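As C-alpha cells, the structure follows; a few thoughts come after it.
The first residue in the sequence is number 1, and the count goes up from there. Side chains are part of it too, since the values below use all heavy atoms of this structure and drop only hydrogens, waters and symmetry mates. Quick caveat, the model's predicted, so the values are computed rather than measured.
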Amino acid sequence: MKDFKIFYIAQLPQSSPPSTGGTRGMFDSGWVPLFQTLAWIFFWAILIRFIYRNFNLQLGGLLSAFVNRVQQGSPIEAGTFFKLGAPSALASQQVNSATSEGTEGTSLSENLSEKVLNYQQYSTDIAEEVYLLHAAEVISPRTENKLGSYQVRVWLEAYTDIDFNECEQVVYRLHESWNQRVIATEAKNNQFELWLNVHGEFTIIAYVKRKSKEPLWLTRYLDLPGRPPD
C-alpha cells in the first residue's frame with residue numbers, strides 16, 4: 001500500500017493595504033465624536049468672545065451717555081421710586097432756582113446772607129482744591145428776536161474725597177435780576193447742586209462753609225449752549 005502524504009494548506013490572513021501615513025486612522029469612526037466636540041467648543045468660544053466684546057463696547061457707550069445726560073440736566077426716572085435730575089419745581093418757568101431742599105434752599109442767618117451779597121469785601125483767597133462746575137441744556141433756542149431758555153445745573157467737586165467731605169454748606173449768589181439772590185444748600189449727597197432756569201449768561205458766586213477749615217469763595221461763569229460767536 002502506497003504511502004500517501006497529506007498536505008494541509010493553511011489559508012493565510014489577507015494582508016492589509018499599505019499605510020498612507022495614518023490619515024485613515026485619524027478619520028475612523030471612533031474619532032468623529034472628538035472632532036465634533038472640539039468644533040463646538042471652538043464655535044462657542046468665538047461666539048462668546050464676539051458677544052462679550054460688543055456688549056462691553058455698547059455698555060460703555062450707554063454709561064457715558066447716561067452720565068452726560070444727567071450732567072446736562074436731563075431727568076432720569078424709573079417708575080415712581082427713583083428720579084435723578086432737575087427738581088420738579090423747576091419745570092415751571094415761574095421758578096428761577098431750586099436746590100435739593102426746595103425753591104427756598106436751607107435757612108440762612110441775615111449776617112451770612114449780607115456777607116454773600118457783598119462778597120467783594122470778604123473774598124480774598126483763591127482756592128484750587130475745591131471748585132464749581134456747571135452744565136446747561138437748551139429748553140427753547142434763542143432766535144434773532146427772542147432770548148433762549150436754558151436749564152442749568154451748578155455743583156461742587158473737589159480734587160480729593162477729604163477736601164469734598166470738609167464742605168458742609170454752599171451759599172450761592174445769583175444775578176442781580178433774581179428776586180431771591182442768595183440761596184443755600186447742604187445736600188452733600190447731591191454735590192450741593194443748584195438748578196436754574198436762565199435766559200442769559202452770568203457769573204455765579206459760591207460761599208463754601210467747611211468743618212475745620214476756613215470758608216472758600218468760588219466763582220463760575222455760566223456760559224450757555226449755542227452762544228453766538230465773538
Rounded to the nearest 0.5 Å, what's the gap from [atom1] on [X] to [atom2] on [Y]? Could you check?
X: Tyr172; Y: Thr99; atom1: OH; atom2: OG1; answer: 9.0 Å
X: Asp223; Y: His134; atom1: CG; atom2: NE2; answer: 4.0 Å
X: Tyr150; Y: Glu137; atom1: OH; atom2: CD; answer: 12.0 Å
X: Thr203; Y: Leu174; atom1: OG1; atom2: CG; answer: 12.0 Å
X: Asn190; Y: Arg153; atom1: CG; atom2: CZ; answer: 7.5 Å
X: Ile205; Y: Trp217; atom1: CD1; atom2: CH2; answer: 8.5 Å

Side chains of Leu196 and His175: does their closest heavy-atom pair fall under 4.5 Å?
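When only atoms from C-beta onward are counted, His175 and Leu196 do not touch, as no gap falls below 4.5 Å.
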Full working for side chain to side chain contact (heavy atoms under 4.5 Å, CB included) between Val116 and Leu108
CA-CA 11 Å; Val116 175; Leu108 284 175; over 6 Å; no
I'd like to check the salt bridge (charged side-chain N to carboxylate O under 4.0 Å, His left out) partners of Arg220; sequence neighbours left out, ordered by chain and number.
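Not a single residue meets the salt bridge (charged side-chain N to carboxylate O under 4.0 Å, His left out) criterion with Arg220.
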Flag yes if more than 12 heavy atoms outside Asn189 fall under 6.0 Å of its CG atom; otherwise flag no.
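Buried by this count: over 12 neighbours within 6.0 Å.
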The test is side chain to side chain contact (heavy atoms under 4.5 Å, CB included); show your working for Val130 and Phe164 and say whether it passes.
CA-CA 7 Å; Val130 181; Phe164 184 81; over 6 Å; no
Short N-O contact, Arg210 and Glu129, less than 4.0 angstrom
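Looking at Arg210 and Glu129, the cut-off is met.
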Pairs meeting criterion salt bridge (charged side-chain N to carboxylate O under 4.0 Å, His left out) with involvement of residues 179-189, two or more places apart:
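As it turns out, the salt bridge (charged side-chain N to carboxylate O under 4.0 Å, His left out) pairs with a partner in residues 179-189, which skip direct neighbours, are Glu176-Arg181.
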So, Glu193 and Thr185: side-chain donor and acceptor under 3.5 Å apart, yes or no?
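Absent: no donor and acceptor within the cut-off.
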What heavy-atom pair brings [X] and [Y] nearest, and what distance separates the two atoms?
X: Ser97; Y: Leu194; value: CB-CD1, 4.2 Å
X: Glu201; Y: Leu224; value: OE2-N, 2.9 Å
X: Cys167; Y: Asp163; value: SG-O, 3.6 Å
X: Tyr131; Y: Ala158; value: OH-O, 3.6 Å
X: Pro215; Y: Tyr207; value: CG-OH, 3.2 Å
X: Val152; Y: Ala136; value: CG2-CB, 3.9 Å

Does any N or O in the side chain of Glu166 come within less than 3.5 Å of the main-chain N or O of Ser212, such that one atom is a donor and the other an acceptor?
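Yes, because the side chain of Glu166 sits within donor-acceptor range (under 3.5 Å) of the backbone of Ser212.
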Which pairs, with at least one residue in residues 105-117 and sequence neighbours excluded, count as a side chain to side chain donor-acceptor pair (under 3.5 Å)?
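Those involving residues 105-117 are Glu114-Asn118.
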Applying the 4.5 Å side-chain criterion to the ILVMFWY set and letting contacts propagate, would Leu133 and Tyr159 be lumped into a single cluster?
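Yes, one cluster joins them.
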Verify same cluster id: Leu112, Leu117 (apolar side-chain graph, 4.5 Å)
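Same hydrophobic cluster.
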